[in-house]
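Report on one structure; see the data block that follows.
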Amino acid sequence: TSNMILRAVLTPQKVMIPNHVFARTEILPKEYKKQGMPLYVAALHARDDCMGYVVLQTPQIEELKFFFQIWTLGFANAIDKQRMYHENRDLLEMRLQYNRDELTGIGNRREIEKILRDRHQRFRTYGEGFCVVSIDMDGLKYVNDNFGHAEGDFGIKLVCDTAIRTCREKEICIRAGGDEFYVLGVGQYTEQDMAERKKAFYDKIAYADKTSGKPYPISASIGCAIAPIDDSLYIIGVVNEADEDMYKSKVERKKAMSK
């Protein structure tokens, strides 16, 4: 660029933020130069980046230039740390978005993989159980084909909200893709717990369907699987068991409705 910007002027009396554009052939805009006053210029440099420069204008250059160098170094490091903070925050936000489902706001399949990878060793808490709940919306294609994808999205979000409302504390609800959801948890689980969870989910989704005001049915099928946490725990196997239980439930419900 052929221009520079004077960002700030500090005097013993005040601080000014002029944002004054001037030619880079000048060290300072002429209106800020004092006649006969010596200038000392120090680069604002951090790592491999030069962010500009600072000008000291005083008759006491020799007495102050060492302290000015120290101050400039600290100032440059402070700017660099602030920039790194914002960069890291942006990267974190991008990573969260990468692992988040845009429609529902919960974790997506990448989040499942991350959780299972990061927490696998933490699952080695003997005496507790690992639980997987598999949920699949019924009739999404029918809704999309006959009422539009916006209505299909409405149904997906309603199923998601219902799944979340049946979660225990510290359990995680994730959208695996399309109309499929998983709830993952670690704790004390029994087969009776799973039966009660299924009933609670079906009751809640039936109520949501009844009060949705939509001209199409909204329902979902649910399956559960639990396993003790020990050296033989095979997480993917538990996920597959929950899927099989869900599909079994879906088939049984279809048969019951067709009678």
Side-chain angles (χ1 to χ4, degrees), residues 1-125 164 167 169-177 184-186 235:
T1 177
S2 59
N3 292 325
M4 304 291 286
I5 302 175
L6 179 60
R7 294 294 189 186
V9 177
L10 286 69
T11 73
Q13 291 77 33
K14 60 181 177 180
V15 176
M16 296 178 287
I17 311 294
N19 286 323
H20 186 108
V21 179
F22 63 99
R24 68 179 303 162
T25 53
E26 303 179 48
I27 295 177
L28 278 178
K30 60 182 179 180
E31 53 265 47
Y32 292 96
K33 292 180 182 178
K34 295 183 179 180
Q35 188 68 30
M37 187 78 71
L39 303 178
Y40 184 81
V41 181
L44 279 176
H45 193 275
R47 294 181 291 177
D48 295 327
D49 297 327
C50 183
M51 299 170 283
Y53 59 87
V54 183
V55 179
L56 176 65
Q57 189 170 208
T58 176
Q60 299 173 294
I61 289 289
E62 291 303 320
E63 294 91 334
L64 296 176
K65 69 178 182 181
F66 173 76
F67 299 101
F68 182 63
Q69 290 171 349
I70 299 298
W71 179 88
T72 302
L73 179 62
F75 184 52
N77 286 336
I79 294 175
D80 189 52
K81 286 182 179 179
Q82 185 72 5
R83 183 173 60 181
M84 289 176 61
Y85 166 79
H86 287 289
E87 288 175 354
N88 289 337
R89 185 186 63 182
D90 292 342
L91 287 172
L92 177 60
E93 185 175 339
M94 289 174 61
R95 189 178 72 179
L96 290 175
Q97 291 175 351
Y98 179 75
N99 290 332
R100 290 281 142 187
D101 175 58
E102 185 176 351
L103 178 63
T104 62
I106 64 175
N108 57 22
R109 181 175 291 277
R110 287 184 291 268
E111 183 74 2
I112 297 176
E113 295 168 355
K114 180 178 182 297
I115 289 171
L116 295 182
R117 182 177 62 251
D118 293 349
R119 299 192 180 188
H120 185 268
Q121 291 304 319
R122 301 182 200 177
F123 288 163
R124 305 303 185 183
T125 307
I164 291 172
C167 284
E169 185 180 0
K170 295 184 179 181
E171 289 182 340
I172 302 168
C173 184
I174 292 170
R175 185 183 179 195
L184 309 177
V186 173
I235 293 175

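The basis for the numbers below is simple: all heavy atoms, side chains too, and nothing from hydrogens, waters or symmetry mates. Here, residue 1 is the first one in the sequence, and each next residue gets the next number. All figures in this text were calculated on a predicted structure; none of them were measured in a lab.
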Exercise. Starting from the C-alpha separation in whole Å, work towards a yes-or-no answer on side-chain hydrogen bond (donor to acceptor under 3.5 Å, both in side chains) for Gln69 and Tyr40.
Key: CA-CA 10 Å; Gln69 290 171 349; Tyr40 184 81; 2.5 Å; yes
Quiz item: To the nearest 0.5 Å, how far apart are CG in Asp80 and CG in Leu44?
Solution: 11.0 Å
Quiz item: Looking only at heavy atoms, what is the nearest atom pair of Pro38 and Thr58, with distance?
Solution: CG-O, 3.3 Å
Quiz item: In terms of heavy-atom contacts, does CD of Glu63 have more than 12 from other residues, nucleotides or ligands at under 6.0 Å?
Solution: yes
Quiz item: Under a 4.5 Å cut-off applied to non-hydrogen side-chain atoms, are His20 and Val9 in contact?
Solution: no
Quiz item: If you measure from CG on Leu39 to CD on Gln57, what distance do you get to the nearest 0.5 Å?
Solution: 5.0 Å
Practice problem: Looking only at non-hydrogen atoms, find the nearest pair between Ala43 and Thr72 and report the distance. | Solution: O-CG2, 3.5 Å
Quiz item: Would the number of heavy atoms belonging to other residues, nucleotides or ligands and lying under 6.0 Å from CD1 of Ile27 be above 12?
Solution: no
Practice problem: Hey, could you give me the CD1/CZ distance between Ile174 and Arg100, rounded to the nearest 0.5 Å? | Solution: 8.0 Å
Practice problem: Classify the side-chain pair Asn19/Arg7 by whether it contains a donor and acceptor separated by less than 3.5 Å. | Solution: yes
Quiz item: Which heavy atom of Ala23 sits nearest a heavy atom of Asn3, and at what distance?
Solution: CA-OD1, 4.0 Å
Practice problem: Supply the atom-to-atom distance Phe22 CZ to Leu28 CG, rounded to the nearest 0.5 angstrom. | Solution: 6.0 Å
Quiz prompt | Distance (rounded to the nearest 0.5 Å) between Phe75 CZ and Met51 CE | solution = 8.5 Å
Practice problem: Would you name the heavy atoms of Val54 and Phe68 that are closest together and state the gap between them? | Solution: CG1-CZ, 3.4 Å
Practice problem: Count the heavy atoms of every other residue, nucleotide or ligand shown that sit under 6.0 Å from NZ of Lys33, and state whether that count exceeds 12. | Solution: yes
Practice problem: Enter the distance from Ile172:CD1 to Ile164:CD1 here, rounded to the nearest 0.5 Å. | Solution: 12.0 Å
Quiz prompt | Heavy-atom closest contact (Leu64 atom, Leu56 atom, distance) | solution = CB-CD2, 4.3 Å
